[in-house]
Structures are given as structure tokens and as C-alpha cells.
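Structure record follows, encoded as C-alpha cells.
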Amino acid sequence: MPEGHTLHRLAGQIETALAGRRTLSSSPQGRFADAARILDERTLTGATARGKHVLVAFEGLAEQVHVHLGLFGRWDVHEGVPPVVGQVRWRLAAADGSTSLDLRGPTACELLTPLEVDALLSRIGPDPLDPTATALDAEAVVLGSRRSIDVLLMDQSVIGGVGNVYRAEVLFRHGVDPATPGRQLGADRWRAMWDDLVVLMRDGVRSGRIDTVRPEHTPEAMGRDPRADDHGGEVYVYRRAGQPCLVCGTTVLTRVVAARNLFWCPECQSAGRVRG
DNA sequence: ATCCGATGTCAAT
DNA sequence: TTGACCTCGGATC
């Protein structure tokens, strides 16, 4: 589901399956019907992802489709064109019937003018999956902030594409206390975290899941049952509240930060902790 | 059959 | 800080 890697993966799949091809658009659920009529029968020219947003472009149309999945949107890629099931906001299909995509429950599915696209892109922070972005692009904001790193990581104008799983996991992998203010993080640690996000998220694009557990801590290496915490990927702390830390055995904690459930190990994650 | 949570964001207060 | 929104599936009754 939808952190940045999901959207980059989808953009890639759309390009591979549909770029340069004539497409059919419809809105079985109805709320995208007017736009779908404009898009129908057009050749798709490209799909790009920035942060958690996807933009799809069509020949002869200045506007692009902006899609944001939100918390529970889904975008399923099908071989062929199966019968519609449930609420499908936008069905996009190759005109030859080879491939189709069903978009459900998105926060955003709308046509944006070039000006609106520019405005959208300008409010998304550097994205670890953008090959032109670097740790330096967010460094001044992060290292100058009094806000805590667990809040900064979720702020899409600071870093684009990181969501609740990558937040918890990158903090764990770097032993960082989630409450550490950005200004106390230190440049070395920030850069290491950024580089790690690049690696983890690229891996997520490739696999379609979030795996963050290092080889020495995998179920195979530790003799654990891999199905014990199966959330579609192998993780250290995400959704493991009350269970023992995979590394030290301390009970994993949870609390709401930036309106989402944060998970962390109070023993392993002490770097940056304020004393007293 | 019903409830609840979910890898997100924004507006209103 | 809270509520609203979008939809589905797993847990619970």
C-alpha cells in the first residue's frame, strides 16, 4: 500500500504497460466520469511519481491526471480487462485489452492544469526516490528544526514519500530516539538516514513491499517464525507494539505522533535522547 | 452482520 | 487537536 515506493512502482508499471499506447478511460463509480470522457481514447505519454503523488500525461492534453491514494486508496494492475468489482473511480485500460488499472478510494483523482502541477510539485520536499535529490536538499530544514525527527519525517514538504512504516523503520535502523529534535540530530546521522531511505525505498520499488530487517536479524538467521509478524514485509518495529524487540528483546512501544501510530524500541533507540 | 483499523492529508476549530 | 473523507478486509459477534 501507499508509501512513496508504491507510487513510483505504479508509475513505472503504467509507463511500461501503457506509454505510447491508445487507452480507454471510464469511471464506473462515477465521480471521475467527466474527466474520463476527456481522457478516453487518448494515447498515454507518460507517468511520473513524486513523493506519494502520481501524474499521468496524455497526448494532446495539457492537463495531467493527479492521483494520490491517501490512506486506503488502491491502484490495482490487471492483465487483461476483468469485470468491474466494487467501487472503481477510474479504470484505465490499454485499448487492445492487454492491461488495465483500477483506482479505488483515492484522496485525489483529478485533472490539473500545468500551473496546478507546478504548484503541487513545488510543495513536495526532496524525494529519496528522485535520482536528482540528495540529503543536502533537506538538510538545512531538518538540522535547523526544533520539531522532532519523527514529525519531520512525516512532513511531505520536508521529505517526499516517507510514510509511517519507513519512518519507524529508519529511526530504528539508525538507533535514533524518535523524539530527537532535528537540530540535535547531527549532519552525519541525517545523511546516513537519507542514504538508507534511498536504499530501502528503491528496494521497495523493486519488490513492492517494505523490508527493512538486516540479514543478521531475519527470521532465518534468528530462528523465528517469519509469519509471526507478516505485514507484507519484514520489519523491526512497525505494528509490533508489545512484542519483544528483534534485536534486544525489550518491549516495543507505541504512541501517536503526527496523527499516526509510531513504534519504537526504547532500548535500541537512544541516540539523541535528551537526558534529565 | 457489524466493527474497526489502515503504509494519508486537509480543513475547521 | 479533531473530524472528515475515500474503500476494503480481517476480526469479532
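First the proteins, then the strands, lettered A, B, ... as listed; each starts at 1. Since the structure is predicted, the reported quantities are computational estimates derived from the model, not experimental observations.
Tyr166(A) places its OH atom 16 Å from the C1' atom of dG8(B), with the value rounded to the nearest Å. Between the CZ atom of Arg209(A) and the P atom of dA6(B) there is a distance of 20 Å, given to the nearest Å. The nearest whole Å value for the distance from the OH atom in Tyr238(A) to the P atom in dG5(B) is 13 Å. Rounded to an integer number of Å, the gap from Asn261(A) CG to dG5(B) P is 9 Å.
Salt bridge absent: Arg209(A) and Glu234(A) never bring a charged side-chain N and a carboxylate O closer than 4.0 Å.
One finds no side-chain N or O of Asn164(A) lying less than 4.0 angstrom from the OP1 or OP2 phosphate oxygen of dA6(B). Side-chain N/O atoms of Arg123(A) include one lying less than 4.0 angstrom from OP1 or OP2 on dC10(B). When the side-chain nitrogen and oxygen atoms of His68(A) are compared with OP1 and OP2 of dT9(B), one or more of them lie within a distance under 4.0 Å. The phosphate of dT9(B) has OP1 or OP2 within less than 4.0 Å of a side-chain N or O from Gln156(A).
Across dC4(B) and dG3(C), the matching P atoms stand 15 Å from one another, rounded to whole Å. dG5(B) sits 16 Å from dT2(C) when the P atoms are compared, rounded to a whole Å. Going from the C1' atom of dC10(B) to that of dC8(C) covers 22 Å, rounded to whole Å. Nucleotides dG9(C) and dT9(B), compared at atom P, are 22 Å apart to the nearest Å.
Geometrically, Arg255(A) engages Trp264(A) in a cation-pi contact defined by less than 6.0 Å to the ring centre and at most 45° from the axis.
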Sugar-phosphate or base contact per nucleotide [nucleotides 4-11 of chain C; S, B, -; heavy atom under 4.0 Å]: --BBSS--
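Among residues two or more places apart in sequence or in another chain, the salt bridge (charged side-chain N to carboxylate O under 4.0 Å, His left out) test is passed with Asp203(A) by Arg206(A). For Ala259(A), there are no side-chain contact (heavy atoms from CB on, under 4.5 Å) partners two or more places apart in sequence or in a different chain. Looking at residues two or more places apart in sequence or on another chain, you find a salt bridge (charged side-chain N to carboxylate O under 4.0 Å, His left out) between Arg22(A) and Glu41(A). Ser148(A) meets the side chain to side chain donor-acceptor pair (under 3.5 Å) test with Asp150(A); sequence neighbours excluded.
Hydrophobic clustering, defined by side-chain heavy atoms of Ile, Leu, Val, Met, Phe, Trp and Tyr closer than 4.5 Å, groups Ile124(A) together with Leu55(A), Leu112(A), Val117(A), Leu120(A), Leu121(A).
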